[in-house]
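The next block holds one structure in the form of structure tokens; read it before the comments.
Treat the numbers as computed from the prediction; the structure is a model and nothing was measured. Counting starts at 1 for both ligands and their atoms, in listed order.
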Amino acid sequence: MDFNQLSLYVQQGNGVKVKEMVSEGLAQKVDPTALLNEGLIEAMAVIGEKFKNNEIYVPEMLMAAKAMNAGMQVLEPVLTATGVKPIGKAVIGTVKGDLHDIGKNLVRMMLKGAGIEMYDLGIDVSAQAFLSKAQEVGADMICLSALLTTTMPYMDSVIKEFEKAGVRSQFVFMIGGAPVSEAYAKSINADCYAEDAVVAVDVAKKILAGKQ
Ligand code: B1M
């Protein structure tokens with residue numbers, strides 16, 4: 001598998017070719033994690049760097065994101081395949097003001113694959129929407145994603161909304177996203193931080209095992 005070519009197709013926003021290459025890779029038994037990390041995620045890192053250096057602009061970034069999503073659609077059934085009984089329920093979303101959903105979708109897929117029942121509220125999600133859904137489905141865990149330094153503080157507002165409603169202690173809060181850190185999680189009284197989707201699975205499994 002030519003991971004370099006796959007990454008180039010994502011960077012060029014060629015969703016058709018990305019889908020084709022990921023499907024071929026899966027048919028040839030290429031490790032799905034390698035397709036994800038070395039092909040798709042690697043491309044987004046290049047795109048982010050180019051955007052920062054003003055070599056590309058928002059439309060190109062958006063096209064690359066669409067191509068990445070096309071590849072993730074093919075990978076989703078493989079990443080979420082699980083035969084196990086659900087080990088818990090989680091509500092996930094990207095916080096208000098933030099439209100980035102690739103990382104959040106990846107975390108959702110991996111947690112689903114680990115046997116957690118996932119309720120995805122999408123992007124630009126308000127504190128009230130997190131609270132209503134968490135109570136409606138009886139969630140164990142609330143998963144917040146933010147990719148912008150300007151939207152990260154809204155994670156604090158979400159936790160405060162739960163505190164105001166007097167239900168904070170009923171839920172475990174996991175937060176993540178590029179600008180987020182362990183120190184930030186501590187500062188807003190979140191229960192845990194995960195740097196990527198793989199770590200998110202480990203952290204969630206440990207916490208949910210402790211809740212039972
Ligand atoms: Co935006 N963007 N973007 N963008 N974008 C970044 C984030 C940026 C770093 C680019 C840069 O300057 N280098 C920069 C943020 C700077 C900052 O705040 N410090 C930026 C900017 C500035 C913007 C706009 C403001 C640009 C503009 O309009 N001038 C704008 C904001 C829009 C808004 O949200 N209101 C904007 C818009 C967009 C697009 C819409 C065009 C598009 C998003 C499309 C989409 O998501 N559907 C986009 C993209 C694609 C990016 C980059 C290039 C790629 C993000 C991505 O998907 N990465 C990004 C640069 C970069 O990240 N290098 C950039 C791949 C993904 C797998 O990684 O999302 O980090 P990530 O998720 C990881 C971990 O963070 C973690 O696990 C995931 C998987 O391992 N994780 C969690 C994430 N959530 C988690 C939750 C958890 C646990 C772990 O627990 C609950």
Distance-only donor-acceptor pairs under 3.5 Å for side chains of residues 143-152, two or more places apart:
residue, atom, partner, partner atom, Å
Thr151, OG1, Asp98, OD2, 2.7
Thr151, OG1, Leu148, O, 3.2

In residues 29-37, what donor-acceptor pairs under 3.5 Å come from side-chain atoms, sequence neighbours left out?
residue, atom, partner, partner atom, Å
Asp31, OD1, Thr33, N, 3.0
Asp31, OD1, Thr33, OG1, 3.1
Asn37, ND2, Thr33, O, 3.4

- request: Walk me through it: do Gln11 and Ser7 pass the test side-chain hydrogen bond (donor to acceptor under 3.5 Å, both in side chains)?
  value: CA-CA 6 Å; Gln11 293 170 46; Ser7 167; 2.8 Å; yes

- request: Could you go through the side-chain hydrogen bond (donor to acceptor under 3.5 Å, both in side chains) check for Tyr119 and Glu117 one step at a time?
  value: CA-CA 7 Å; Tyr119 296 87; Glu117 210 172 297; 2.6 Å; yes

Stepwise ring-ring contact (aromatic ring centres under 6.0 Å, His included) test for Phe51 and Tyr57: CA-CA 6 Å; Phe51 177 76; Tyr57 299 95; 7.5 Å; no

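Neither the backbone nor the side chain of Val198 comes within contact range of ligand 1; no heavy atom lies under 4.0 Å. Residue contacts with ligand 1, taken as heavy atom pairs separated by less than 4.0 Å, involve Ile175 solely via the backbone atoms N, CA, C and O. Residue contacts with ligand 1, taken as heavy atom pairs separated by less than 4.0 Å, involve Leu106 solely via side-chain atoms from C-beta onward.
Hydrophobic cluster membership differs between Val199 and Ile175, with clusters built from Ile, Leu, Val, Met, Phe, Trp and Tyr side chains linked at under 4.5 angstrom. Both Ile102 and Met110 sit in one connected hydrophobic cluster of ILVMFWY residues. Membership requires side-chain heavy atoms under 4.5 Å apart, directly or through other members. Taking hydrophobic clusters as Ile, Leu, Val, Met, Phe, Trp and Tyr residues chained together by side-chain heavy-atom distances below 4.5 Å, Met118 does not share a cluster with Leu121. The hydrophobic cluster containing Leu40 also contains Val107, counting ILVMFWY residues as joined when their side-chain heavy atoms lie under 4.5 angstrom apart, directly or transitively. Residue Val58 is grouped with residue Ile56 when hydrophobic side chains (ILVMFWY) are merged at heavy-atom distances under 4.5 angstrom, including chains of intermediate members.
Not a single heavy atom of Pro179 lies less than 4.0 angstrom from ligand 1. At least one heavy atom of Glu195 sits closer than 4.0 Å to an atom of ligand 1.
Under the 4.0 angstrom criterion, atom 89 (C) of ligand 1 counts as having a protein heavy-atom contact. Distance check on atom 8 (C) of ligand 1: every protein heavy atom falls at or beyond the 4.0 Å cut-off. There is a protein heavy atom less than 4.0 angstrom from atom 85 (C) of ligand 1.
Among all non-hydrogen protein atoms, the one lying nearest atom 18 (O) of ligand 1 is Thr149 N, 2.9 Å. If you check which protein heavy atom lies closest to atom 47 (N) of ligand 1, you get Asp101 OD1, 2.7 Å. Remark: minimum distance from atom 35 (N) of ligand 1 to any protein heavy atom is reached at Gly97 O, 2.9 Å. Looking only at protein heavy atoms, the nearest one to atom 40 (C) of ligand 1 is Leu62 CD1, 3.8 Å. Of all protein heavy atoms, the one lying nearest to atom 78 (C) of ligand 1 is Gly103 CA, 3.8 Å. Taking atom 58 (N) of ligand 1 as the reference point, the nearest protein heavy-atom neighbour is Met44 CB, 3.8 Å. Here the protein heavy atom with the shortest distance to atom 44 (C) of ligand 1 is Ala65 CB, 3.5 Å.
Taking every heavy atom of Ala178 and a limit of under 4.0 angstrom, the matching atoms of ligand 1 come to 75 (O). Below 4.0 Å from some heavy atom of Asp98 lie the following atoms of ligand 1, by number and element: 34 (O). Set against the non-hydrogen atoms of Asp196, the atoms of ligand 1 under 4.0 Å away are 76 (C), 77 (O), 80 (O). Using a 4.0 Å cut-off to heavy atoms of Ala194, the atoms of ligand 1 that qualify are 88 (C), 89 (C). Under a 4.0 Å criterion applied to the non-hydrogen atoms of Ile47, ligand 1 contributes the atoms 53 (C). Remark: ligand 1 atoms within the under-4.0 Å shell around heavy atoms of Gly177 are 75 (O), 81 (N), 82 (C), 83 (C), 84 (N), 85 (C). Residue Cys143 approaches ligand 1 through these ligand atoms, each under 4.0 Å from one of its heavy atoms: 91 (C).
In this structure, the side chain of Asp124 does not engage the main chain of Leu99 through any donor-acceptor pair within 3.5 Å. Side chain of Gln135 to main chain of Ser132: no donor-acceptor pair is present (N/O by atom type, distance under 3.5 Å, no hydrogens or angles).
In the displayed structure, Lys89 atom NZ is contacted under 6.0 Å by more than 12 heavy atoms of other residues, nucleotides or ligands.
Evaluation of the salt bridge (charged side-chain N to carboxylate O under 4.0 Å, His left out) test over residues 35-48, restricted to residues two or more places apart or in two chains, returns none.
Neighbouring protein atoms of atom 1 (Co) of ligand 1 (N, O or S, distance under 2.8 Å, waters ignored): His100 NE2.
When the heavy-atom distances from atom 87 (C) of ligand 1 to Gly176, Ala200, Ala204 are ranked, the shortest goes to Gly176.
Distances between N or O atoms of Asn69 and those of ligand 1 include no value under 3.5 Å.
Between Glu24 and Lys17, none of the side-chain N atoms (NZ, or NE/NH1/NH2) sits under 4.0 Å from a carboxylate O, so this pair counts as no salt bridge.
Nearest heavy atom pair, residue Gly176 against residue Met155, reads O-CE, 3.5 Å. Between Leu131 and Val167 the shortest heavy-atom distance is CD1-CG2, 3.7 Å. A pairwise comparison of heavy atoms in Met44 and Ala64 identifies SD-O, 4.2 Å as the closest pair.
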